[in-house]
Amino acid sequence: MLTVRLADHDPELFEGVSDPEAAAAASLVETEWVDVGPWTPEKHGADGRGHFGLMLLEGTTIRRVELGPRDGFELLGPGDVGRPWVTFGPNSSISADARWRVHQRARIAYLDRRFAVRMAPYPEVAAAIMDRLMRRQRFMAMHLTVSQIPKLQTRLRVLFWYLADRWGRVTSDGIVINLPMTHELVAGLVGARRPGVTSALGEMQRAGEISRREDGRWIVLGEPPAELVHGDFDEAAAL
C-alpha cells in the first residue's frame, strides 16, 4: 500500500471546497496496484461503515454480471467510484452474481473511514463523490438503453463514440481508443451475441466508420452521426 494525496490525482473532486489547500493536505488515501486478471474487491467492504468506496485512479476494470443465458459487462476507468460489497439486500428474491477482472493494470484508492473523517469538514468532497456514483448510474442507464436499440450497428456506433469520448486519443488517423477491446467484450457491452457483433464490426470497417490497428486498438473515423448527437433513431428503418 502506498499513501498519496487524492487531490493530486483527482483535483476535480476538490474544486468546490472553500480551502482547497487544507482539503488537499487532508486528502490522504491508501492506494494499491492490481495486476491484470481476476479481482475480488468485495473483500475490502469488511469495514464498510463510513467507507466511501473504492476509486479507480489508473487502468480499467470489468464487472461481469451473470444472470440468465447472457452476461452483462460494465467497463470502469479512472475516476469511477464503487462499493462492490453492496448487494440487492437480504430481502431480494433475485440474485445476480458479479465477477470482476482487471482489464488494464489498475491503481485503486481506498476511500475508507479514515479518509471520510478527514473529509468531514469538506462536504463538497462527499457531494463530488456522490456525483461520481450518480454518473456511473447514468452510464449504466445508457448501456441499458443502448441494448434496446433494434439495429446492432447503431448500438455499436453509440458504444464506440462513448469509448472515443472517454478513452480516445486524437491522431492523424482518427480517434484511437486506448483500450484492448475483444469482440466478446464489445458484445457484452451492447447486449448482443459475439458472432453478430463480429459481422457488424466487419460491415462498419468496410463502410469506413472504424478501423483496427495491428496492436488491436480500435480507431473511430469521421464525425458522430447526427442521430447519435440528437438521439433521433429511426426504429422503423432498423426493424
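Numbers here simply count residues along the sequence, with the first being 1. Since this is a predicted model, take the numbers as computed values, not measurements.
- Using cut-offs of 30° and 60° for the angle between ring planes, the Trp85 and His51 rings count as perpendicular.
- Glu209 and Arg157 are joined by a salt bridge, as a carboxylate oxygen and a charged side-chain nitrogen come within less than 4.0 angstrom of each other.
- Contact annotation: the side chain of Glu30 approaches that of Arg114 to within less than 4.5 Å [non-hydrogen atoms, C-beta and beyond].
- Across all their heavy atoms, Phe73 and Gly188 have their closest contact at CD1-CA, 3.1 Å.
- Between Leu13 and Met55 the shortest heavy-atom distance is CD1-CE, 3.4 Å.
- Cation-pi geometry between Arg105 and Trp33 is met: the NZ or CZ atom falls under 6.0 Å from the ring centre, inside 45° of the normal.
- In this structure, Arg107 places its CZ atom where more than 12 heavy-atom neighbours from other residues, nucleotides or ligands lie under 6.0 Å away.
- Heavy-atom minimum distance, Ile210 versus Val220: CG2-CA, 4.4 Å.
- Among all heavy-atom pairs drawn from Val102 and Trp39, the shortest one is CG2-CB, 3.9 Å.
- Residues Val125 and Val4 share a single hydrophobic cluster, defined by chaining ILVMFWY side chains whose heavy atoms lie under 4.5 Å apart.
- A continuous path of Ile, Leu, Val, Met, Phe, Trp and Tyr side chains, each step under 4.5 Å between heavy atoms, connects Val158 with Ile177, placing both in one hydrophobic cluster.
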query = Does the salt bridge (Lys or Arg N to Asp or Glu O under 4.0 Å) test come out yes or no for Arg64 and Glu74, once each step is laid out?
reply = CA-CA 6 Å; Arg64 181 173 187 156; Glu74 180 186 8; over 6 Å; no

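- Expressed to the nearest 0.5 Å, how far OG1 of Thr145 lies from CE of Met140 amounts to 11.0 Å.
- Note: Leu76 CG to Thr61 OG1 = 4.5 Å, rounded to the nearest 0.5 Å.
- With hydrogens and angles ignored, the 3.5 Å screen pairs a side-chain donor or acceptor of Ser27 with a backbone N or O of Leu6.
- Ring centroid separation for the pair Tyr162 and Phe139 comes in under the 6.0 Å cut-off.
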task = Let me see the working for Leu163 and Trp218 under side-chain contact (heavy atoms from CB on, under 4.5 Å), right down to the final yes or no.
result = CA-CA 10 Å; Leu163 295 173; Trp218 290 96; over 6 Å; no

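- A donor-acceptor pair under 3.5 Å is formed between the side chain of Thr31 and the backbone N or O of Leu2.
- Grouping the Ile, Leu, Val, Met, Phe, Trp and Tyr side chains by contacts below 4.5 angstrom, directly or via other members, places Ile129 apart from Val117.
- Annotation for Pro84 and Trp100: closest pair CB-CZ2, 4.0 Å, computed over non-hydrogen atoms.
- The backbone N or O of Arg217 lies less than 3.5 Å from no partner atom in the side chain of Arg213, so there is not a single donor-acceptor pair.
- Taking OG from Ser18 and OH from Tyr122, the interatomic distance works out to 7.5 Å, rounded to the nearest 0.5 Å.
- A distance of 12.0 Å separates CD in Glu124 from CD in Glu15, rounded to the nearest 0.5 Å.
- By the rule that hydrophobic residues join a cluster once side-chain heavy atoms approach within less than 4.5 Å of another member, Ile149 and Leu156 end up as members of one cluster.
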key: Pair Glu21-Phe14, side-chain contact (heavy atoms from CB on, under 4.5 Å): steps then yes or no   = CA-CA 9 Å; Glu21 292 186 6; Phe14 299 83; over 6 Å; no

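- Within the model, atoms CD1 of Ile219 and CG of Leu221 stand 6.5 Å from one another, a figure rounded to the nearest 0.5 Å.
- With Arg118 contributing its side chain and Ala26 its backbone, the two residues share a donor-acceptor pair below 3.5 Å.
- Using modelled atom types, one finds a donor on one side chain and an acceptor on the other under 3.5 Å when comparing Gln104 with Thr60.
- Within the model, atoms NE2 of His9 and CG of Leu56 stand 12.5 Å from one another, a figure rounded to the nearest 0.5 Å.
- Side-chain contact between Ile108 and Tyr110: present, with at least one pair of heavy atoms (C-beta onward) separated by less than 4.5 Å.
- For Arg5, the salt bridge (Lys or Arg N to Asp or Glu O under 4.0 Å) partners at least two apart in sequence or on another chain are Asp8.
- Considering every non-hydrogen atom in both Ile175 and Ala164, the closest pair reads CG2-CB, 3.8 Å.
- Arg132 places a side-chain N or O within donor-acceptor distance of the main-chain N or O of Gly79, the cut-off being under 3.5 Å.
- Ion pairing of Asp80 with Arg136 is absent here, as no side-chain N (NZ or NE/NH1/NH2) approaches a carboxylate O to less than 4.0 Å.
- One hydrophobic cluster holds both Leu57 and Phe52 under the rule that ILVMFWY side chains link at heavy-atom gaps under 4.5 Å.
- Residues satisfying the side-chain contact (heavy atoms from CB on, under 4.5 Å) test with Thr171, not counting sequence neighbours, are Arg169, Asp173, Val176.
- Under 3.5 Å, the side chains of Thr198 and His183 contain a donor-acceptor pair of N or O atoms.
- Using a 4.5 Å heavy-atom cutoff, the side chains of Leu54 and Val81 are not in contact.
- In summary, Glu184 and Arg193 do not engage in a salt bridge, as defined by a charged side-chain N under 4.0 Å from a carboxylate O.
- The main-chain N or O of Met181 is never found under 3.5 Å from a side-chain atom of His103 such that the two would form a donor-acceptor pair.
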